[in-house]
A.B. asks: 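Please find one structure pasted underneath; my questions will follow.
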Amino acid sequence: MGAIAAKVGLSGRAVTIVPDQESAARAQRGAAEAGALVDVHVAPPSKLPVEDSVFDLAVIDDTGGFFGTLRAEDRVALVRETARVLKPRGRVIIIGAVPRGGLGALFTRAQSGPSFDPEPSLTADGFRFVRVLGEREGLKFVEGVKT
């Protein structure tokens with residue numbers, strides 16, 4: 001999170017919205033280690049505490065499987081809230097863990113949460129050009145553009 005926030009530059013704004021105080025403390029530590037300024041907010045994913053159409057990019061970290069643990073209606077609310085806070089032609093990137101199989105599953109210590117494919121949710125709620133950007137080091141990067 002801190003590394004991403006450091007990329008916004010002096011005129012940009014980095015905001016992280018997390019579900020609980022423990023996550024907020026981790027986000028603040030990560031930002032400080034990266035030397036980034038980040039506004040950290042604790043809020044439910046169904047009601048993001050920011051204005052409409054203010055961000056060019058939203059990054060959803062699903063590496064712990066949070067998206068997959070949400071009820072279907074809460075996933076829909078999160079995707080709709082993400083669309084609400086993005087500017088027209090704004091992008092969302094969802095970073096999720098790829099389920100490991102075979103020998104990789106036996107020898108890895110990395111924990112991954114429940115697998116959830118965000119592509120249908122993004123497409124259903126108005127994002128276009130939804131695609132997998134790539135998979136690397138056990139992570140899957142999915143992008144969509146708000147129309």
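On a predicted model such as this, the values are computed, not experimentally measured, just so you know. Note that these values count all heavy atoms, side chains included, but never hydrogens, waters or copies made by symmetry. Heads up: numbering here begins at 1 and tracks the sequence.
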A.B. asks: Closest approach of Ser121 and Val79, non-hydrogen atoms and distance?
C.D. replies: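 Heavy atoms of Ser121 and Val79 come nearest at O-CG1, 3.8 Å.
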A.B. asks: If the condition is side-chain contact (heavy atoms from CB on, under 4.5 Å), which residues does Val54 pass it with, not counting sequence neighbours?
C.D. replies: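 Glu51.
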A.B. asks: I would like to know whether Lys140 and Ile95 meet side chain to side chain contact (heavy atoms under 4.5 Å, CB included); could you show each step before the answer?
C.D. replies: CA-CA 6 Å; Lys140 179 179 180 179; Ile95 306 169; over 6 Å; no
A.B. asks: Quick one: does Ile60's side chain get under 4.5 Å of Ile93's, heavy atoms only?
C.D. replies: no
A.B. asks: Could you tell me whether a side-chain N or O of Arg84 sits under 3.5 Å from a main-chain N or O of Leu48, the two making a donor and an acceptor?
C.D. replies: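 Confirmed, Arg84 side chain pairs with Leu48 backbone.
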A.B. asks: Between atom NZ of Lys146 and atom CG of Leu57, what is the distance when rounded to the nearest 0.5 Å?
C.D. replies: 13.5 Å
A.B. asks: Strictly distance-based, threshold 3.5 Å: is any side-chain N or O of Arg91 a donor or acceptor partner for the main-chain N or O of Val145?
C.D. replies: no
A.B. asks: Is the shortest side-chain heavy-atom distance between Thr147 and Phe127 below 4.5 Å?
C.D. replies: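 No, side chains not in contact.
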A.B. asks: Any side-chain heavy atom of Val130 sitting closer than 4.5 Å to one from Val142?
C.D. replies: yes
A.B. asks: Do Phe141 and Ile94 have side-chain heavy atoms sitting under 4.5 Å apart?
C.D. replies: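 Answer no - side chains too far apart.
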A.B. asks: Under the 3.5 angstrom rule, does the side chain of Arg75 hit a backbone N or O of Thr69 as a donor-acceptor pair?
C.D. replies: no
A.B. asks: Give the cluster check for Leu133 versus Val59: same hydrophobic cluster or not, with ILVMFWY residues linked at side-chain heavy-atom distances below 4.5 Å.
C.D. replies: yes
A.B. asks: May I ask you to test the Val98-Leu139 pair for a side-chain heavy-atom distance under 4.5 Å?
C.D. replies: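 Side chain of Val98 against side chain of Leu139, heavy atoms only: no contact under 4.5 Å found.
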A.B. asks: Please answer whether the main-chain N or O of Arg128 pairs with a side-chain N or O of Thr123 as donor and acceptor at a distance below 3.5 Å.
C.D. replies: no
A.B. asks: Apply side chain to side chain contact (heavy atoms under 4.5 Å, CB included) to Arg13 and Asp39, showing your working.
C.D. replies: CA-CA 8 Å; Arg13 177 180 173 206; Asp39 295 333; 3.5 Å; yes
A.B. asks: What residues, two or more places apart in sequence or in another chain, satisfy side-chain hydrogen bond (donor to acceptor under 3.5 Å, both in side chains) together with Arg131?
C.D. replies: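 Once residues adjacent in sequence are excluded, the partners of Arg131 under the side-chain hydrogen bond (donor to acceptor under 3.5 Å, both in side chains) criterion are Glu143.
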A.B. asks: Kindly say whether Phe67 contributes a backbone atom to a donor-acceptor pair with the side chain of Asp62 at under 3.5 angstrom?
C.D. replies: yes
A.B. asks: Please assess Val18 against Thr16 for the test side chain to side chain contact (heavy atoms under 4.5 Å, CB included), listing each intermediate value before the final yes or no.
C.D. replies: CA-CA 6 Å; Val18 295; Thr16 185; 3.8 Å; yes
A.B. asks: Using a strict cut-off of less than 4.0 Å between a Lys/Arg side-chain nitrogen and an Asp/Glu carboxylate oxygen, indicate whether Arg26 and Glu22 qualify as a salt bridge.
C.D. replies: yes
A.B. asks: Working note: Leu86 + Val92, criterion side chain to side chain contact (heavy atoms under 4.5 Å, CB included); need CA distance, chi angles, decisive distance, verdict.
C.D. replies: CA-CA 8 Å; Leu86 285 171; Val92 61; 4.3 Å; yes
A.B. asks: Check whether any side-chain heavy atom of Ile17 sits under 4.5 Å from a side-chain heavy atom of Pro49, and report yes or no.
C.D. replies: yes
A.B. asks: Taking C-beta and beyond as the side chain, do Val15 and Val38 meet within less than 4.5 Å on heavy atoms?
C.D. replies: no
A.B. asks: With a 6.0 Å cut-off (strictly less than), is the heavy-atom count around CD of Gln21, excluding the residue itself, greater than 12?
C.D. replies: no
A.B. asks: Would you please name every residue forming a side-chain contact (heavy atoms from CB on, under 4.5 Å) with Ser46, sequence neighbours left out?
C.D. replies: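 Testing Ser46 for side-chain contact (heavy atoms from CB on, under 4.5 Å), a comparison that skips the adjacent residues, returns Pro44, Ala77.
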